[in-house]
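The structure appears right after this line, and notes come after that.
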Amino acid sequence: MDALLFLTFAGIAVLCAINLVLQTHPISSALSLVGVMGSLAVLYLLLGGAFIAAVQLIVYAGAVMVLFLFVIMLLNAQAERTTSKSAMRAWVSVPLLFTFVILLASLIIQRAPAGAAVKFGEFTGGSVANVGRALFTTYLLPFEVTSILILIAILGAVVLARKEI
Amino acid sequence: MPPELTQLLPASVPLSWYLVLSAILFSLGIAGFLFRRNIITVFMSIELMLNAVNLTFVAFSYHLKQVDGHIFSFFVMVVAAAEAAVGLAIILTVFKNRATLEIDEVSSMKL
C-alpha cells in the first residue's frame with residue numbers, strides 16, 4: 001500500500017512539474033505548481049510529518065499560490081511568444097536534463113543508506129506537539145529571528161509597491 | 001486491490017526513491033528557471049526547487065528519526081513566503097516601469 005501511494009503521488013508530482021516547465025501561459029504553470037505542492041503534502045504525511053503537510057497545504061498551496069495567481073491576473077500576463085531560439089533550446093536542454101537526472105539518481109542510489117526503508121506509521125515524531133516543543137525550546141532563537149525577517153519582508157513589499165518608484 | 005498487485009509492490013519504499021524524486025523535481029526546477037522567459041514562471045521554478053529540497057529534509061528526518069528536518073523545512077517555507085511577497089512586489093515594479101514580463105527585455109544592467 002505504501003509503494004502504491006508513493007508511486008501515485010510521485011507520478012502526479014513529476015507530471016505536474018513537467019507541465020509547469022512546458023506550459024507557456026503562467027496561469028497553467030501556477031495551477032501545475034499547486035498540483036506538485038498538494039502531492040508533496042501527501043508524501044510528507046507518508047513520511048510522518050503531519051504538521052509539515054498541513055503547513056505545506058495552508059501556506060504554500062494556499063497563501064503563496066494565491067499571491068502568485070493574484071499577480072498574474074493583475075498584470076494580465078500573456079503566453080510567452082515562441083522565438084527562433086526556442087526549438088534549439090529544447091534540443092539542447094532535454095538531453096542535458098536527462099544526463100543530469102541520471103547522474104544524480106545513480107549517485108543517490110550508490111550513496112543512500114543501505115537498507116533504509118520508509119514504512120508509514122513507524123515515525124510519528126512530526127506531530128504538532130513534537131514540532132512545537134522543538135520550535136519553542138531548541139530552535140527558539142531562530143524562530144524569533146524569523147519574525148524580524150517577516151517584518152522586513154512586509155516593509156520591503158510596501159516600499160516596492162508604492163507609486164513613485 | 002487484487003492480491004497479485006500487492007505482491008508485485010514492496011511493502012515499504014526505499015529511502016532513495018524519495019531522494020530520487022526530489023532530484024527529479026529539483027532538475028525540472030532548474031530547467032524551468034533556465035529556459036522560461038516569463039519572469040513569473042521563472043519565479044515559480046524557484047519555488048519548485050525549494051519544495052524539492054524540503055522533501056529531502058523531511059525524508060532524512062524520517063531516516064534519522066528526529067524532528068529537526070521538519071523544523072528546517074518549516075523555516076524554508078517561512079523564507080519562501082517572505083521571498084514570494086518581496087519578489088512579486090519587485091515584479092510589479094518592473095512591470096510598472098517597463099510594461100513587460102519578458103526577462104530578456106529587462107537587460108539594463110548588461111554590459
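Order of the sequence lines fixes the chain letters, A, B, ..., with proteins taken first and strands second; residue numbering starts at 1 for each chain.
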Check: Do you know which of A/Val158, A/Val118, A/Leu149, A/Asp2 has the most heavy-atom pairs under 4.5 Å to chain B?
Finding: A/Val118
Note to self: At a 4.5 Å cut-off on heavy atoms, which part of A/Leu22 comes close to chain B: side chain, backbone, both, or neither?
What the structure shows: backbone
Item checked: Atom group of B/Leu25 that falls short of 4.5 Å from chain A, counting heavy atoms -> side chain
Checklist line | chain B contact via A/Thr138 - side chain, backbone, both or neither, heavy atoms under 4.5 Å | finding: neither
Next item on the list: Kindly compute the distance separating CZ (B/Phe57) from CZ (B/Phe74), expressed to the nearest 0.5 Å.
Entry: 14.0 Å
Next item on the list: With a 4.5 angstrom heavy-atom cut-off, could you sort out which part of B/His63 is near chain A: side chain, backbone, both or neither?
Entry: side chain
Margin query: So for A/Leu47, is it side chain, backbone, both, or neither that comes closer than 4.5 Å to the heavy atoms of chain B?
Written below: both
Margin query: Please classify the contact of A/Leu5 with chain B as side chain, backbone, both or neither, using a heavy-atom distance under 4.5 Å.
Written below: neither
Next item on the list: Among the options A/Val55, A/Leu104, A/Leu40, A/Val101, pick out the one with the most heavy-atom pairs lying under 4.5 Å from chain B.
Entry: A/Leu40
Margin query: Please classify the contact between A/Ala30 and chain B as side chain, backbone, both or neither, with a heavy-atom cut-off of under 4.5 Å.
Written below: both
Notebook entry, point to check: Where on B/Phe75 is there a heavy atom nearer than 4.5 Å to chain A: the side chain, the backbone, both, or neither?
Noted result: side chain
Item checked: Minimum side-chain heavy-atom gap A/Arg111-B/Ser16 below 4.5 Å -> no
Check: Can you find a heavy atom in the side chain of A/Met73 that is under 4.5 Å from one in the side chain of A/Ile27?
Finding: yes
Item checked: Under 4.5 Å from any heavy atom of chain B - which part of A/Leu97 -> side chain
Margin query: Between B/Ile71 and chain A, with a heavy-atom cut-off of 4.5 Å, which part of the residue counts as in contact: side chain, backbone, both or neither?
Written below: side chain
Next item on the list: Apply side-chain contact (heavy atoms from CB on, under 4.5 Å) to B/Glu47 and B/Glu83, showing your working.
Entry: CA-CA 10 Å; B/Glu47 298 287 332; B/Glu83 177 218 330; 3.9 Å; yes
Next item on the list: Look at B/Val86, B/Ile91, B/Ile30 and state which one has the largest set of heavy-atom pairs under 4.5 Å with chain A.
Entry: B/Val86
Next item on the list: Determine whether A/Val71 and B/Phe95 make a side-chain contact, defined as any pair of heavy atoms from C-beta on separated by less than 4.5 Å.
Entry: no
Note to self: Working to the nearest 0.5 angstrom, can you tell me the gap between B/Ser27 OG and B/Met49 CE?
What the structure shows: 10.0 Å
Checklist line | Max heavy-atom pair count under 4.5 Å with chain B, selected residue of A/Ala157, A/Gly126, A/Gly49, A/Ala3 | finding: A/Ala3
Note to self: Let's test your reading of the structure: which of A/Ser29, A/Gly156, A/Gly125 forms the most heavy-atom pairs below 4.5 Å with chain B?
What the structure shows: A/Ser29
Item checked: Toward chain A, the part of B/Leu55 with a non-hydrogen atom under 4.5 Å -> both
Note to self: Less than 4.5 Å to any heavy atom of chain A: does that hold for the side chain of B/Leu21, its backbone, both, or neither?
What the structure shows: side chain
Next item on the list: Name the option with the most non-hydrogen atom pairs under 4.5 Å to chain B; the candidates are A/Ile150, A/Asn130, A/Ile72.
Entry: A/Ile72
Check: Side chains of B/Asn54 and A/Gln56: do they bring a donor and an acceptor to under 3.5 Å?
Finding: no
Notebook entry, point to check: Any idea which of A/Phe120, A/Phe100, A/Phe70 has the most non-hydrogen atom pairs under 4.5 angstrom with chain B?
Noted result: A/Phe100
Check: Under a 4.5 Å cut-off applied to non-hydrogen side-chain atoms, are B/Arg98 and B/Glu105 in contact?
Finding: no
Check: Do B/Leu48 and B/Met44 have side-chain heavy atoms sitting under 4.5 Å apart?
Finding: no
Check: Can you check whether B/Thr41 reaches A/Gln23 side chain to side chain, under 4.5 Å on heavy atoms?
Finding: no
Notebook entry, point to check: Checking heavy atoms, do the side chain of A/Val14, its backbone, both or neither come under 4.5 Å from chain B?
Noted result: both
Margin query: Before you tell me yes or no, could you show the steps for A/Arg133 and B/Val67 under side-chain contact (heavy atoms from CB on, under 4.5 Å), namely the whole-Å CA-CA distance, both residues' side-chain angles and the distance that decides it to 0.1 Å?
Written below: CA-CA 10 Å; A/Arg133 195 171 297 118; B/Val67 79; over 6 Å; no
Check: Around atom CZ of A/Phe123, are there more than 12 heavy atoms of other residues, nucleotides or ligands at under 6.0 Å?
Finding: yes
Notebook entry, point to check: Between B/Leu19, B/Leu92, B/Leu88, B/Val78, which has the largest tally of heavy atom pairs under 4.5 Å with chain A?
Noted result: B/Leu88
Check: Checking A/Phe68 against chain B: side chain, backbone, both or neither under 4.5 Å from a heavy atom?
Finding: both
Check: How long is the gap from OG on A/Ser32 to CG on A/Leu20, to the nearest 0.5 Å?
Finding: 5.5 Å
Next item on the list: Answer yes or no: does atom CZ of A/Phe51 have more than 12 heavy-atom neighbours from other residues, nucleotides or ligands under 6.0 Å?
Entry: yes
Checklist line | Atom group of B/Glu102 that falls short of 4.5 Å from chain A, counting heavy atoms | finding: side chain
Check: Top residue by heavy-atom pair count (under 4.5 Å) with chain A, among B/Val58, B/Asn38, B/Ile24, B/Asn51?
Finding: B/Asn51
Note to self: For A/Ala112, which atoms come within 4.5 Å of any heavy atom of chain B: side chain, backbone, both, or neither?
What the structure shows: side chain
Notebook entry, point to check: Do B/Tyr18 and B/Tyr62 have side-chain heavy atoms sitting under 4.5 Å apart?
Noted result: no
